[in-house]
Structure formats: C-alpha cells, structure tokens
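Before any comments, here is the structure.
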Amino acid sequence: MRDVKYVFVTGGVTSSLGKGIISASLAKLLQARGYSVTIQKLDPYINVDPGTLNPYEHGECYVTLDGAETDLDLGHYERFLNVPTSQENNVTTGRIYQSVINKERKGDYLGKTVQVIPHITDEIKRRIKLVSSGNKFDIVITEIGGTVGDIESLPYIESVRQLKWELGAQNCIVIHLTLVPYLSSTGESKTKPTQHSVKELLETGIQPDVLVLRTERHLNEDLKRKVALFCNVEESAVIESVDVSTIYEVPIKMLDQGLDNTVLRKLALPIESEPLLTEWREFLTKLKNPKHAIKVGLVGKYVELPDAYKSIAESFIHSGAVNECEIDVVYIHSEDITEKNVSDRLSGLNGILVAPGFGSRGIDGKILTAKYARENNIPFLGICLGMQCAVIEFARNVLMLEGAHSTEINHKTKYPVIDLMEEQKSIIDKGGTMRLGGYKCVLTKNSKAYKSYRKIEIIERHRHRYEFNDKYLNEFKNHGMVPVGINPESNLVEIIEIPDHKWFVGVQFHPEYSSTVVNPHPLFVNFVKACIG
Ligand code: GLN
C-alpha cells in the first residue's frame with residue numbers, strides 16, 4: 001500500500017483568488033491520471049460549521065450527502081471530481097476547539113496545560129489525516145482558508161509546517177496562490193506582493209514548492225523567472241492562472257502548464273498516462289457552442305450576492321451545456337416583487353426558479369412568483385422554501401384557504417399547509433439540527449420527476465425544518481397539485497407537481513447540491529428542456 005500524499009494550498013496577498021478552484025482543478029487532473037483524490041477545506045472561523053451563517057457573510061451553505069453543512073468550496077470539489085465529500089472534508093477552528101475542549105473536560109489531558117501548540121495543532125493534524133483514513137485516497141489536497149499572515153490561520157500553517165517535517169518533502173508539498181496585479185498606468189505586472197507573501201510564509205517556516213499566480217494578463221517568461229529566483233521556487237513550478245471565462249477551463253489551463261506533472265514529480269508519484277479528460281472537454285465544447293438561448297429568473301432574497309446561490313448557478317451551467325443552451329440567469333429580488341409589478345418583473349422569462357431560504361423576508365414576492373408561473377404556464381422549479389411557497393400559493397388561490405401559510409412565517413395561521421416536522425418540535429438549538437443530508441424518495445411513474453430521473457428510487461439532500469402538511473394532501477390532489485415523490489420511511493411529501501401545467505415541479509430537497517459537470521442533475525436538465533420549449 002502506498003503512503004497517502006498531502007498537498008496544501010495556501011493563499012497570499014488577498015482573499016478570493018480562487019484557492020478552491022485551483023485545488024479542484026489540480027484534483028481533477030490528478031484524478032484524470034488515475035489517482036484517487038479528495039479535497040478538504042480548513043476554515044479559520046470559530047463557528048462550528050457555516051450552517052448558522054447568513055449567506056451574505058460567506059455565500060451559500062453547501063450540504064454533503066452525509067448531512068454536513070459546509071463551505072461552498074466543497075460544492076466545487078464535488079462538481080469537479082464527481083465524488084461525494086463528507087463531514088471530514090470541512091473543518092473549522094470552532095470544530096477543532098470544540099473537540100479539544102471536550103477532551104479537556106473528559107480529563108484526557110489531566111495534569112497538563114492545554115495549549116495551541118501542541119494540542120490544537122495535533123487536533124488539526126488528526127483531522128487532516130482523518131479524511132484519508134483507511135487509505136481511501138492516494139492524494140489529499142487540503143485548502144487552508146484565509147490569507148497567510150492572518151492571525152486566525154496561524155495554527156493551520158504551523159500544523160502544515162509540522163506535517164511537512166514529519167512526513168518528508170516527498171509526501172507533503174505546499175502550493176501558494178498569490179496575485180500579480182497589473183498596473184495600467186505603467187503597463188506592468190508587479191511581482192512585489194508575491195515576494196512579500198512568500199516571505200511571510202517563510203517566516204512561519206514554510207518554503208512553498210509551487211507558486212500559482214493569479215493575473216488578469218498573461219505573464220511573460222522573464223517575470224516568471226524573476227518570481228522563481230526571488231521566491232526560491234523551480235521555474236517550472238511557477239504557474240500562471242490567468243482570468244478565464246469559465247471556472248471549468250482552469251483545469252485545462254493548469255494542464256497546459258504542467259501543474260499536475262510538477263506536483264506528481266515533487267510527490268515522487270509515477271506519471272504513467274496522459275490524463276483522461278474526454279468528457280470534460282466535451283462539456284467545455286458544448287458550453288462554448290450553444291445552439292439555444294434562454295432566460296431563467298432566479299427569485300430569491302440574497303440576489304445581491306450571487307455566491308449565495310452558487311450551486312444553483314453551477315447546476316444551470318451543467319444542464320445548459322448538455323442541452324447546448326446558453327442560460328442567462330436573471331437574479332430577481334423577491335422583496336421587489338409586488339402584486340402590481342409581478343407581471344412586469346417576470347415577463348420575458350422562459351422559466352422561473354424560486355430559491356431556498358429561511359424566514360419571512362421576501363416571502364410574499366416568492367408566493368406571487370409561484371402564482372405567476374402557475375397561471376401563465378411558465379416552467380417552474382421551486383426548491384425547498386421555493387416549493388413551500390408554491391404549496392402556500394396553491395392553497396390560498398386554488399383551494400381558497402385564505403391566509404394559508406407555513407408556520408415558520410405565521411405560527412397562528414388557520415391553514416398550516418407547511419408545518420414543523422414532529423421531530424423538530426422539541427429542538428431549540430439552531431446549529432446542525434435541521435433535517436440534513438441524503439434521504440430516499442420514491443417517485444410516481446409518468447410524473448415529470450420520474451421522466452427526468454428515469455428511475456423509481458432516488459436519494460436527495462435536505463436542509464430544512466418544515467414540511468408539507470399531510471392533513472391537506474387529499475385536497476391538493478383533488479385540485480391538481482399532486483405529490484409525486486414520497487419518502488418511503490416517513491411518508492413525507494418530497495416532490496409536488498401540477499400535471500396540467502407545462503412543467504411545474506417543487507422539491508423539498510436540494511437538487512443543486514448534487515449536480516456535477518459529468519452528471520448534470522436530471523431535474524435541472526429537464527427543467528431547462530422545458531424552458532427551451
Ligand atoms: N425555511 C424552510 C424550512 O426550514 C426552507 C429551508 C430551505 O429552503 N432550505 O423548512
């Protein structure tokens with residue numbers, strides 16, 4: 001059995017340079033060369049997980065099949081690799097401290113002073129190794145959140161330094177991602193911030209093995225040589241990451257510069273074959289050569305920050321490509337939609353998606369949107385709260401249950417068509433207590449959902465507390481909104497449809513979390529088909 005090899009990805013100069021995409025791209029190339037790879041994200045904040053964070057703070061909260069609420073970068077990892085991630089793939093400072101403090105209370109360190117070094121760093125190292133326990137992977141790529149020099153990330157960087165020393169240079173390498181800004185006034189790309197950032201990393205005892213330079217413009221060989229010389233890195237290990245039109249092109253750009261070869265060589269791993277990227281390249285060709293074009297409205301309350309709906313946006317890219325269709329996703333603020341302007345706001349759209357969410361802000365606009373899509377026969381996909389809004393709307397305007405609502409928004413409603421699940425009623429803690437992760441769902445034959453999945457039983461990921469209230473099931477059925485997906489264990493309604501409508505589907509789960517480049521989600525694929533018409 002081979003030793004597990006570790007690649008760490010750190011960031012310098014500024015945040016948001018795309019460490020997640022570089023990590024995912026490298027992983028893709030290594031996977032395409034036959035290695036089994038996983039990617040882990042270490043986040044320096046004190047929240048135990050991002051589940052309690054407002055999307056405005058940190059973008060979408062991504063959910064794994066095993067029910068972890070995680071950083072959105074895990075979504076990129078899955079979309080690139082087509083391999084599910086799990087609880088172990090995202091670790092926060094909060095989680096690290098929580099385990100150490102729990103151990104301290106149990107008396108595991110009896111008599112000792114518990115300190116950042118060695119106790120916190122040992123726990124970090126344990127978590128890094130845990131992701132590949134049982135030798136599931138040949139290579140683990142670990143992305144360290146934040147920027148080198150941040151107070152919060154110091155224990156992580158120190159853990160990497162220790163691991164490098166413990167495991168040896170051939171088993172553990174560091175890729176440092178920095179920015180080379182372009183100064184238009186002088187027409188130059190500047191390397192100084194990169195030099196400073198590498199110095200900062202050196203101060204913590206780490207010499208990076210590979211440098212990836214984010215840049216707006218191509219960097220010439222002289223500049224790369226200069227960076228290599230001043231930062232003590234091989235010339236072939238200085239890689240540029242120039243802005244591209246789609247993140248899915250980054251693996252190809254990295255391949256062209258031999259990032260995968262450099263990494264494998266440094267890790268003393270054999271480079272046996274050319275990477276197998278046929279499906280990936282086919283996807284890119286389709287993405288870039290669309291035959292159709294549609295406009296889809298995404299109605300939500302976090303639209304100022306598109307990262308809040310990252311997985312939905314990416315699902316549209318995957319499903320657009322298979323359908324050879326360019327999708328213009330129009331972000332529409334649900335708070336801006338009123339009874340008066342709804343038809344103006346939503347006119348000209350080929351399809352409408354109502355987004356997931358929590359709480360009452362913008363809910364009326366979402367309900368009005370569902371009504372507009374239903375009455376005007378516009379393809380509609382409601383996800384989680386989006387599905388619940390479609391149910392509320394139907395109850396009010398078709399079943400004539402005035403004031404019908406979800407008890408999340410109005411706990412005194414006379415008609416609680418969406419209500420808290422029994423097992424949720426006694427829970428008061430907010431963190432990690434929702435219905436989370438994969439649950440089975442059995443589909444009704446001939447439904448639009450069945451025609452999309454083309455199988456009876458599916459597993460989809462959840463993140464919610466409220467449910468369709470069974471008490472009203474018959475009334476809905478009798479009036480033309482039918483359940484077509486049921487959880488076989490709990491009997492909960494998972495999917496509703498209006499068979500008389502062109503394409504009207506509401507799902508209690510989150511299809512967007514499991515759409516990948518090589519496996520675009522069937523519901524998105526068929527929704528887009530319906531939008532094309
Ligand atoms: N707020 C709703 C619930 O908890 C929907 C959640 C969601 O859209 N993810 O049930």
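In this chain, residues are counted from 1 in sequence order. Hydrogens, waters and symmetry mates are skipped; everything else that's a heavy atom, side chains included, is used. All ligand and atom numbering here is 1-based and tracks the order in the structure.
Here is the list of ligand 1 atoms found below 4.0 Å of a heavy atom in Tyr466: 3 (C), 4 (O), 10 (O). Taking a cut-off of under 4.0 Å to the non-hydrogen atoms of His510, the atoms of ligand 1 that pass are 9 (N). Counting atoms of ligand 1 from 1 in the listed order, those under 4.0 Å from a heavy atom of Glu408 are 1 (N), 2 (C), 3 (C).
A salt bridge links Arg461 to Glu78: one of the charged nitrogens lies within less than 4.0 Å of a carboxylate oxygen. Remark: Glu335 does not engage Lys301 in a salt bridge, criterion side-chain N to carboxylate O under 4.0 Å. Salt-bridge check for Arg435 with Glu467: passed, with a basic side-chain N closer than 4.0 Å to an acidic carboxylate O. Taking 4.0 Å as the cut-off between side-chain N and carboxylate O, Lys366 and Asp364 do not count as a salt-bridged pair.
Taking any N or O of Pro356, backbone or side chain, none lies under 3.5 Å from an N or O belonging to ligand 1.
When heavy-atom distances to ligand 1 are checked against a 4.0 Å cut-off, His464 comes that close through both its backbone and its side chain.
Judged by the shortest distance from any of its heavy atoms, Gln388 lies inside the 4.0 Å radius around the atoms of ligand 1. Not close to ligand 1: Met434, with no non-hydrogen atom less than 4.0 angstrom away.
The aromatic rings of Phe527 and Trp503 sit tilted relative to each other, their planes meeting at an angle between 30° and 60°.
The two residues Ser36 and Lys136 make their nearest non-hydrogen contact at OG-O, 3.4 Å.
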